[in-house]
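One structure is given below, encoded as structure tokens.
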Amino acid sequence: MANEGSLFSVRRIYYRGKLNSCNYACSYCPFGKKSHPASTMQDKQAWNRFITAIEQWEGESLQLFIIPYGEALIHRYYREGIMRLAALPQVAGISCQTNLSFPADEWLDELQATPSLRGKIKVWASFHPEMTSVERFVRQLHILHNVGIQVCAGAVGNPSAKKLLADLRNALLPDIYLFINAMQGLKSPLSDEDIRFFTQLDNLFEYDLRNAPAQWEKCSGGRSACFIDWKGDIFACPRSKVKIGNFYQSQKLDTSLSCQRKVCDCYIAFSNLTNHPLHNIMGESAFWRIPDKPLITAIFFDVDGTLTDAQGKVPESYANVLRYMAQSVPLYLATSLSVEQARRKLGKTLFCLFKGGVFADGGLLLYDEQSRCLPVELLLDVNGESVKMTAHSYEGQVYKYSMLVYEKEQRENILSRLKAKPYQVFYKPPLITVVHKEAGKKKGVLHICKVLAFPLEQVLIVGNSQKDWEMMSAVTHSCAVMNSEPFLKDHARYTLNPDRLPAFFRFRK
């Protein structure tokens, strides 16, 4: 890395002042309801010193993150300082951890003179159910979100607060990421049901639950990222106790000193690992725990096991988010089901949200009031009580048919005859399914994208099985649902359920 060992190699800074007081009194927090006027004065002086140093920064642009021991934004000097820093050309963005108890409307009034700063200010908002209601917390967060301030929300995964956390997720707009931190100090480990519950709320919960082994050679801490305390002392990250420099005394960093930790046991620590899967999912904004949200102009969904659960039903949370997304981005299906089967599975109301798609593994394409059918001929002389045939047609052309053949000898005879046809045959005794040889989900998706001018780098495909990988591999954004086959989870760029997609992608320019 250029300038390694120099302060000017740093691109991301975590800052924590001397503040160690909070207006909340959470039972699990050592800083609740403490008030130290003297340390507040010292904190303000240290904060101003840090701001002045950033104003004089001669390196490349910086991302800044304020991570106080306590609540900073109830103090006007922090809000004013964040605005000063956000106004600097050398600051690409700045975030602060907060409980959202500060006057959000008042801060927006303070920002009114320079509305362009809103695009550079971020907020990491922590929900504390002992101290505030879901309604008040969400109202405060939506006030900031609705004026263009990027936000994320989070809470501790306390099993006793599961209902409140579910209420929080349901009350938040779908495009706001809600993270769940694994609770420390539990008398007994989380149950499998607790883990499933928290993973459903936050599809990335497993990373916080298991943490990550420290890997100094793979850590950006002390190189392109660092933690600075109120004295200016520099550490690789907030969990490290090894001082590697001082922000106000020298431009040198001693990167030969490893952090000495064996485990990266908090989000900020393991997000500094350059090989962590978070970076594929969150992008550059993993620093702030806010997904980058690449632009998506079309989404293709598999149906069975992707949009439907183990009972073959679409979960209500999925249905709600499909309605939400359909207002902003065209949705398509990419399924082995026929049109009739897909409509029956999804229900007429949900099916109507989709603009068409790839049906019968590509045997039929529907899009923009157009169609493309690859017809197949029925084996008309196959009959008898041991065969039940179902044909699927569009405008008089059969594009898929299935045969339930109960006698083994008859199945073998039919399969032998089909080999001479230009068809694809899917065989799972006693079922034989037939589509055209040229049919394929990938071919169908690529055809629709080409005709409708969807750039492949702006297309998202969501599936659940290894068979889906061929079409998913054709686009930049491939997503496996949480219950996908291991192969697909290993290969897809994202592992997210449909109801969490709006928090990770944007659908309007």
Side-chain angles (χ1 to χ4, degrees), residues 177 195-196 199-200 202-213 215 218 270-271 273-286 291-310 318 321 325 329 331-337 357-359 361-362 424 426 428 439-450 454-507:
Y177 172 50
I195 293 171
R196 280 193 295 271
T199 301
Q200 192 277 325
D202 174 13
N203 293 169
L204 308 185
F205 177 67
E206 63 171 314
Y207 297 127
D208 202 82
L209 183 64
R210 69 174 186 237
N211 296 313
Q215 304 169 71
K218 298 291 184 181
F270 59 70
S271 68
L273 296 174
T274 57
N275 61 345
H276 198 283
L278 275 172
H279 299 289
N280 274 338
I281 302 169
M282 304 281 276
E284 285 294 317
S285 294
D292 262 354
K293 291 193 175 182
L295 175 65
I296 298 298
T297 54
I299 310 179
F300 290 81
F301 289 96
D302 173 54
V303 177
D304 285 329
T306 298
L307 290 178
T308 60
D309 59 20
Y318 288 16
V321 169
M325 292 190 294
V329 63
L331 307 179
Y332 296 89
L333 297 173
T335 175
S336 62
L337 301 176
V358 179
F359 299 94
D361 285 311
Q424 292 181 67
F426 302 96
K428 187 176 182 180
K441 282 187 179 182
K442 178 180 177 180
K443 291 178 181 177
V445 168
L446 291 177
H447 178 85
I448 292 175
C449 290
K450 181 178 181 180
F454 294 137
L456 294 182
E457 66 273 14
Q458 295 177 5
V459 173
L460 171 65
I461 302 181
V462 187
N464 76 310
S465 72
Q466 182 172 343
K467 292 187 297 184
D468 293 325
W469 176 242
E470 183 184 18
M471 66 168 174
M472 292 167 67
S473 66
V475 299
T476 302
H477 302 290
S478 55
C479 181
V481 295
M482 297 298 291
N483 64 346
S484 293
E485 295 174 3
F487 173 92
L488 197 66
K489 294 174 77 169
D490 288 342
H491 286 76
R493 179 171 179 178
Y494 310 92
T495 301
L496 301 166
N497 280 337
D499 53 353
R500 300 296 167 245
L501 297 179
F504 289 84
F505 303 95
R506 62 187 171 96
F507 307 124

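- Residue Leu273 holds its CG atom at 10.5 Å from NZ of Lys218, rounded to the nearest 0.5 Å.
- Side-chain contact, Gln424 with Asp361: no donor N or O sits under 3.5 Å from an acceptor N or O.
- Taken to the nearest 0.5 Å, the CZ atom of Phe205 stands 12.5 Å off from the CD atom of Gln200.
- The heavy-atom pair separating Asp304 from Thr308 by the smallest distance is CA-OG1, 3.5 Å.
- Using a 4.5 Å heavy-atom cutoff, the side chains of Val462 and Phe300 are not in contact.
- Of the possible donor and acceptor atoms, none in the side chain of Arg493 sits under 3.5 Å from a partner among the backbone N and O of Cys479.
- Atom CG of Leu496 sits about 10.0 Å away from atom CZ of Arg500, to the nearest 0.5 Å.
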For side-chain contact (heavy atoms from CB on, under 4.5 Å), just list the numbers for Val445 and Ile461, CA-CA rounded to whole Å, side-chain angles, deciding distance to a tenth of an Å, and then say yes or no.
-> CA-CA 9 Å; Val445 168; Ile461 302 181; 3.9 Å; yes

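- The local environment of CD in Glu457 is crowded, with over 12 non-hydrogen atoms from other residues, nucleotides or ligands closer than 6.0 Å.
- We find the CG-CG distance between Leu456 and Leu446 to be 6.0 Å, quoted to the nearest 0.5 Å.
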Check the pair Leu337 / Phe359 against side-chain contact (heavy atoms from CB on, under 4.5 Å), numbers first and verdict last.
-> CA-CA 6 Å; Leu337 301 176; Phe359 299 94; 5.8 Å; no

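- Within the 4.5 Å cutoff, side-chain heavy atoms of Val481 are placed close to those of Pro498.
- Under the 4.0 Å criterion applied to side-chain N and carboxylate O atoms, Glu485 and Lys489 are not assigned as salt-bridge partners.
- When atom types are taken as modelled, the side chain of Ser473 and the backbone of Trp469 share a donor-acceptor pair closer than 3.5 angstrom.
- The backbone N or O of Ser271 lies less than 3.5 Å from a partner atom in the side chain of His279, making a donor-acceptor pair.
- In this structure, His276 and Phe270 have parallel ring planes: the angle between them is below the 30° cut-off, well short of the 60° mark.
- What you find for Pro291 and Ser285 is that their closest heavy atoms are C-CB, 4.3 Å.
- For the atom pair OG1 of Thr335 and NZ of Lys441, the computed distance is 5.5 Å after rounding to the nearest 0.5 Å.
- Of all heavy-atom pairs spanning Ile281 and Leu204, the tightest one is CD1-CD2, 3.8 Å.
- Side chain of His447 to main chain of Lys443: no donor-acceptor pair is present (N/O by atom type, distance under 3.5 Å, no hydrogens or angles).
- Distance CE/Met482 to OG1/Thr199: 5.5 Å, rounded to 0.5 Å.
- When all heavy atoms of Tyr207 and Arg210 are compared, the pair lying nearest together is CE2-NH2, 3.6 Å.
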Check the pair Phe507 / Ile299 against side-chain contact (heavy atoms from CB on, under 4.5 Å), numbers first and verdict last.
-> CA-CA 10 Å; Phe507 307 124; Ile299 310 179; 3.8 Å; yes

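- Annotation: side chain of Gln215 is in contact with side chain of Asn275 (closest heavy-atom distance under 4.5 Å).
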Show your working on ring-ring contact (aromatic ring centres under 6.0 Å, His included) between Tyr494 and Phe505 and close with a plain yes or no.
-> CA-CA 11 Å; Tyr494 310 92; Phe505 303 95; 4.9 Å; yes

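- At least one donor-acceptor pair closer than 3.5 Å links the side chain of Asn203 to the backbone N or O of Asn497.
- Annotation: side chain of Pro502 is in contact with side chain of Met325 (closest heavy-atom distance under 4.5 Å).
- Summarising the geometry of Ala480 relative to Met472, their closest heavy-atom pair is N-CE, 4.1 Å, with the distance given to 0.1 Å.
- A 4.5 Å side-chain heavy-atom check between Asp302 and Leu307 finds every atom pair outside the cut-off.
- Counting only heavy atoms from C-beta outward, the side chains of Val358 and Ile448 approach each other to under 4.5 Å.
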Starting from the C-alpha separation in whole Å, work towards a yes-or-no answer on side-chain contact (heavy atoms from CB on, under 4.5 Å) for Leu209 and Ile195.
-> CA-CA 9 Å; Leu209 183 64; Ile195 293 171; 3.9 Å; yes

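- Between the side chains of Tyr177 and Asp202, at least one donor-acceptor pair of N or O atoms lies under 3.5 Å.
- By the neighbour-count criterion of 12 heavy atoms within 6.0 Å, atom NZ of Lys467 is sparsely surrounded, having that number or fewer from other residues, nucleotides or ligands.
- When each of Val329, Thr476, Thr297 is paired with Gln458, the side chain to side chain contact (heavy atoms under 4.5 Å, CB included) condition holds for Thr297 and for no other.
- Side-chain atoms of Thr306 never come within 3.5 Å of backbone atoms of Val303 as a donor-acceptor pair (strictly under, hydrogens ignored).
- Without hydrogens or angle criteria, Asn280 side chain to Pro277 main chain gives no donor-acceptor distance under 3.5 Å.
- Residues Arg506 and Leu295 are in side-chain contact: their nearest non-hydrogen atoms beyond the backbone lie under 4.5 Å apart.
- For the pair Asp309/Asn483, no side-chain contact is recorded, criterion being any heavy-atom separation below 4.5 Å from C-beta on.
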